Amino acid sequence: MSQPTLQRRLGIVQATALNMIDMVGIGPFVTLPLVMGFMGPNFLLAWLVGAGLALVDGLVWSELGAAYPEAGGSYRFLKLAYGEHKWGRLMSFLYVWQTLVQSPLVLASGAIGFAQYFGYLVPMTEWWQPKIVSGAVVLLLIVLLYRRIEDIGRLGVMLWVAVLGLMGWLIFGGLTHANHEVAWLPSGGVSALPGVLLSAAMGQAAIKTVYSYLGYYNVCHLGGEIVNPQRVIPRSIFFSILGIMALYLLLNWSVGTVIPWQEVQSWQAGGAGAIADKSQFIVSLFVERLYGVAAAQAATALVLLVAFASLFAVLLGYSRIPYAAAADGEFLSVFGRLHPTKNFPHVSLLILGGVGFVFSLLFRLGEVITAILAMRILVQFVGQAVGLMLLRRRRGTASLPFKMPLYPLPVLIAIAVWLLIFWSTGPQFMLSGLAVTVLGVVVFLLWSRRLKRWPFEQKNT
């Protein structure tokens with residue numbers, strides 16, 4: 001009897017849909033008022049900065065994803081870039097190690113945000129009530145993902161349609177009811193841009209907008225299940241980034257023309273209490289102001305559906321990373337098991353989903369958004385960008401299906417901006433991210449010593 005293997009069944013529509021629902025999620029709805037609070041009249045600039053970083057970094061992912069379309073995404077890229085038998089083993093192990101922590105954090109952040117917005121429909125006065133909602137969301141996700149990849153592709157497209165429908169409705173509301181001006185440039189014009197872009201407020205706002213754009217690379221994690229990946233992966237990455245960029249900018253502009261940033265900041269300055277809490281449901285209040293309470297409740301239900309759709313794509317993609325490492329013999333073998341009849345990594349799905357369930361009960365939304373970025377930047381985003389340059393130097397570019405334009409400028413820009421965002425997370429989160437990395441190095445060394453692999457391999461004499 002042949003061993004089960006991953007099947008290439010996802011085309012351009014399914015790949016783009018899974019990317020876009022991963023990117024949208026609850027992020028733009030919970031971060032929109034936070035960005036207004038940081039940036040005031042210049043809040044749209046922060047969303048442009050997030051989009052710019054996604055586009056530049058998307059070139060890195062596109063080149064690597066098209067050249068090495070396998071399950072695991074960054075795990076495989078890092079291993080190849082730094083050497084499969086030495087430093088590449090360490091870098092790829094650190095990425096998988098961080099995935100065991102940060103992917104459940106991503107899952108928990110979406111589930112906690114889901115519970116927060118659910119509070120608009122059903123007020124929850126007891127501390128444990130939002131915990132029940134967020135935990136139930138994670139459990140339902142596991143149930144829905146426990147199936148064949150082609151079934152998931154069809155379900156992903158259905159959820160994508162819901163995402164586009166909600167965003168279109170919200171944007172239409174702003175276009176037809178604009179009452180306040182929204183600035184695209186600072187009051188001082190182009191000459192004032194450098195000061196705004198380099199401000200501390202922009203650093204904090206960019207953390208929130210970048211978080212909301214994350215997910216454009218989800219297709220790379222599913223590389224072993226993509227049809228014609230050399231063409232589909234780069235196209236799906238840029239279709240999803242450009243599409244989401246347009247939707248985010250129009251959504252923020254629309255909300256800002258109905259609920260001015262001054263009003264949002266006044267809610268946030270009110271301290272604890274109902275007035276301050278208004279900004280948490282800004283999209284619901286936006287629709288309520290335009291069409292009434294019943295329409296706001298319907299919009300909130302759609303926001304919850306979009307959030308759920310994003311978590312669906314997140315857990316799907318991340319469950320393939322420990323599987324790829326285990327199948328490669330570089331991680332615990334239990335993660336390498338495929339379901340005997342449905343051909344998907346069911347053990348990896350159950351473990352990551354289970355940890356995400358626990359995290360959803362323990363943490364608060366504000367804590368996890370910054371922690372997620374601080375943990376990922378050095379190994380995954382910066383390490384991967386440096387790795388691409390190493391691969392180009394060692395293997396050349398003749399066989400690359402996709403070559404980024406203006407190389408190496410996009411790579412250098414991506415590295416610089418990622419490092420600035422890492423610095424903007426602050427000492428606490430920088431240290432926590434470094435601590436997880438250091439602990440991963442210790443675990444790697446213990447693991448390698450047990451297996452008698454580099455740097456503990458026995459040399460023949």
Side-chain angles (χ1 to χ4, degrees), residues 20-21 23-48 50-51 110 113-124 159-184 205 208-209 212 243-270 273-310 365:
M20 290 182 74
I21 62 177
M23 294 170 72
V24 176
I26 199 69
F29 306 115
V30 297
T31 58
L32 190 158
L34 297 177
V35 175
M36 282 187 173
F38 285 124
M39 296 300 296
N42 302 315
F43 65 91
L44 284 180
L45 280 178
W47 293 95
L48 285 169
F114 182 101
Q116 177 180 303
Y117 252 84
F118 190 75
Y120 180 84
L121 296 178
V122 181
M124 293 177 283
L159 294 172
W160 180 37
V161 172
V163 168
L164 296 179
L166 170 63
M167 300 292 273
W169 180 26
L170 297 176
I171 291 166
F172 177 79
L175 290 173
T176 54
H177 296 83
N179 295 316
H180 304 277
E181 274 193 37
V182 174
W184 291 89
K208 311 306 182 195
T209 59
S212 299
I244 293 300
M245 176 182 70
L247 291 175
Y248 281 1
L249 290 173
L250 287 171
L251 172 66
N252 277 265
W253 180 87
S254 296
V255 172
T257 62
V258 175
I259 303 177
W261 62 269
Q262 295 95 329
E263 187 174 358
V264 175
Q265 289 188 340
S266 70
W267 292 339
Q268 295 168 340
I275 294 178
D277 289 341
K278 276 188 174 184
S279 66
Q280 297 179 10
F281 316 115
I282 191 167
V283 170
S284 302
L285 294 172
F286 166 76
V287 176
E288 180 181 321
R289 191 165 293 187
L290 296 184
Y291 305 113
V293 174
Q297 291 173 339
T300 304
L302 283 174
V303 168
L304 296 176
L305 178 61
V306 167
F308 188 85
S310 174
L365 184 62

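The model shown is predicted, which means the values in this text are computed figures rather than measured ones.
Atom CG of Leu302 and atom CG of Leu166 lie 5.0 Å apart (nearest 0.5 Å). To the nearest 0.5 Å, the span separating CD1 on Ile26 from CZ on Phe308 amounts to 13.0 Å. Rounding to the nearest 0.5 angstrom, the gap separating the OG atom in Ser279 from the CD atom in Glu263 is 11.0 Å. With rounding to the nearest 0.5 Å, the separation of CE in Met167 from CG in Leu250 is 8.5 Å. Annotation: the span from Ile171 atom CD1 to Thr176 atom OG1 amounts to 11.5 Å, rounded to 0.5 Å. The distance from the CE atom of Met245 to the CG atom of Leu48 is 8.0 Å, given to the nearest 0.5 Å.
Residues Thr257 and Leu175 form no side-chain contact, since every pair of their non-hydrogen atoms from C-beta on lies 4.5 Å or further apart. Val30 is listed as a side-chain neighbour of Tyr117, based on a closest heavy-atom distance under 4.5 Å. At a threshold of 4.5 Å between non-hydrogen side-chain atoms, the residues Val255 and Phe43 do not count as touching. In this structure, Phe29 and Leu170 have side chains that are in contact, with non-hydrogen atoms separated by less than 4.5 Å. Counting heavy atoms from C-beta on, the side chains of Trp261 and Val182 never come closer than 4.5 Å. Residues Leu247 and Ile244 have side chains in contact (heavy-atom distance under 4.5 Å, counting atoms from C-beta outward). Taking 4.5 Å as the limit, every side-chain heavy atom of Leu290 sits out of range of all side-chain heavy atoms of Phe172. Using a 4.5 Å cut-off on side-chain heavy atoms (C-beta onward), Thr209 and Phe38 make no contact.
Annotation for Met36 and Gly256: closest pair CE-CA, 3.9 Å, computed over non-hydrogen atoms. For Pro28 against Ser212, the heavy-atom pair with the smallest separation is N-OG, 3.7 Å. For Ala183 against Leu44, the heavy-atom pair with the smallest separation is O-CD1, 3.7 Å. Counting all heavy atoms, side chain and backbone alike, Met39 lies closest to Ala205 at CG-CB, 3.5 Å. Annotation for Phe286 and Gly174: closest pair CZ-N, 3.7 Å, computed over non-hydrogen atoms.
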**Report entry** Derivation of the side chain to side chain contact (heavy atoms under 4.5 Å, CB included) call for Ile259 and Trp267
**Finding:** CA-CA 11 Å; Ile259 303 177; Trp267 292 339; 3.8 Å; yes
Report task. Please lay out, stage by stage, how Leu285 and Arg289 fare under the test side chain to side chain contact (heavy atoms under 4.5 Å, CB included). Result -> CA-CA 6 Å; Leu285 294 172; Arg289 191 165 293 187; 5.8 Å; no
Query raised in the report: Could you walk me through whether Leu304 and Leu121 pass the side chain to side chain contact (heavy atoms under 4.5 Å, CB included) check?
Result: CA-CA 10 Å; Leu304 296 176; Leu121 296 178; 3.9 Å; yes
Query raised in the report: Do Val24 and Tyr248 pass the side chain to side chain contact (heavy atoms under 4.5 Å, CB included) test, and can you show the C-alpha distance, the side-chain angles, and the key distance before you say yes or no?
Result: CA-CA 9 Å; Val24 176; Tyr248 281 1; 4.3 Å; yes
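Under the 30°/60° scheme for interplanar angles, the aromatic rings of Tyr120 and Phe281 are found to be tilted.
Aromatic ring centres of Tyr291 and His177 lie closer together than 6.0 Å.
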